[in-house]
Amino acid sequence: MQQDSVSDVIRKYFAAFLAQDRKTLEEGLSDDFTFTSPRDDHISKAAFFERCLPGSDQFLTHHIEKLFVQGNEAFVLYQAELKNGTQFRNTEYYKLEGNKIKEVEVYFGSA
């Protein structure tokens, strides 16, 4: 199997989250995946699907402004817009193993 680039994997993750495509997300996250944000502390893959994926229906768009990759790690700066018109910027750190995302840390930005 050909390995996708780190940036391809991350862009696919963003698209799947926005589309609420659980199957693609499940396939793209490692079994020992962890998610951290100001509201979540290293939650598991199962907890991510329970706590975070339902909120994806509030998003209208994600616009990736910057994507910096070094080895199997990356930082993403993006602008998001919610269906209610709210806009904000976040930064996320990604760590991958092969074609799967092992870790995401979200840093909330300004509105």
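Within 6.0 Å of CD on E65 lie more than 12 heavy atoms contributed by other residues, nucleotides or ligands. Counting heavy atoms of neighbouring residues, nucleotides and ligands inside a 6.0 Å radius, atom CG of N84 exceeds 12 of them.
Using a 30° and 60° split on the angle between ring planes, F17 and Y13 fall in the parallel class, below 30°.
Closest non-hydrogen pair, A80 versus H62, comes out as CB-CD2, 3.9 Å. Taking all atoms of both residues into account, the shortest heavy-atom contact from V69 to A74 is CG2-CB, 4.0 Å.
Hydrophobic clustering (ILVMFWY, side-chain heavy atoms < 4.5 Å, transitive): F108 and L77 are in distinct clusters. Follow the hydrophobic side-chain contacts under 4.5 Å out from Y107 and you never reach I10; the two are in separate clusters. F75 and I101 fall into different hydrophobic clusters, where Ile, Leu, Val, Met, Phe, Trp and Tyr residues are linked whenever their side-chain heavy atoms come under 4.5 Å apart, directly or through other members. Linking Ile, Leu, Val, Met, Phe, Trp and Tyr whenever their side-chain heavy atoms come within less than 4.5 Å puts I64 and Y94 in one cluster.
A 4.5 Å side-chain heavy-atom check between L25 and L53 finds at least one atom pair inside the cut-off. At a threshold of 4.5 Å between non-hydrogen side-chain atoms, the residues Q79 and Q87 count as touching. Between F14 and E92, the closest side-chain pair of non-hydrogen atoms falls below 4.5 Å. Proximity of F88 to L82: side-chain heavy atoms (C-beta onward) are separated by under 4.5 Å at one or more points. By the 4.5 Å heavy-atom criterion applied to side chains, N90 and S37 are not counted as neighbours. Between D32 and K102, the closest side-chain pair of non-hydrogen atoms falls below 4.5 Å. Counting heavy atoms from C-beta on, the side chains of L96 and V9 come closer than 4.5 Å. The shortest distance between side-chain heavy atoms of D40 and C52 falls below 4.5 Å.
Using a 4.0 Å cut-off between charged side-chain N and carboxylate O, K100 and E27 make no salt bridge. Salt bridge status for E73 with K95: absent, with no side-chain N to carboxylate O gap under 4.0 Å.
Remark: the backbone N or O of D57 is paired with a side-chain donor or acceptor of K83 at under 3.5 angstrom. No side-chain donor-acceptor contact under 3.5 Å links K45 to the backbone of T34.
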**Report entry** Stepwise side-chain contact (heavy atoms from CB on, under 4.5 Å) check, E103 with T36
**Finding:** CA-CA 8 Å; E103 180 179 341; T36 300; 6.0 Å; no
Report task. Would you check, one step at a time, whether the test ring pair (Phe, Tyr, Trp, His ring centres under 6.0 Å) holds for F48 with F35? Result -> CA-CA 7 Å; F48 169 79; F35 180 86; 5.2 Å; yes
Requested in this report: Go through T24 and E26 one step at a time and tell me if the side-chain contact (heavy atoms from CB on, under 4.5 Å) criterion holds.
Outcome: CA-CA 5 Å; T24 298; E26 284 181 355; over 6 Å; no
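Note that the CD atom of E97 and the CG atom of N72 stand 7.5 Å from one another [nearest 0.5 Å]. The structure places CZ of F49 at 10.0 Å from OG of S44, a figure rounded to the nearest 0.5 Å. The distance from the CZ atom of R11 to the OG atom of S5 is 8.5 Å, given to the nearest 0.5 Å. Atom-to-atom distance recorded for T86:OG1 and L60:CG is 11.0 Å, nearest 0.5 angstrom.
Both the sub-6.0 Å distance and the 45° axial angle are not jointly satisfied by R89 relative to the ring of Y78.
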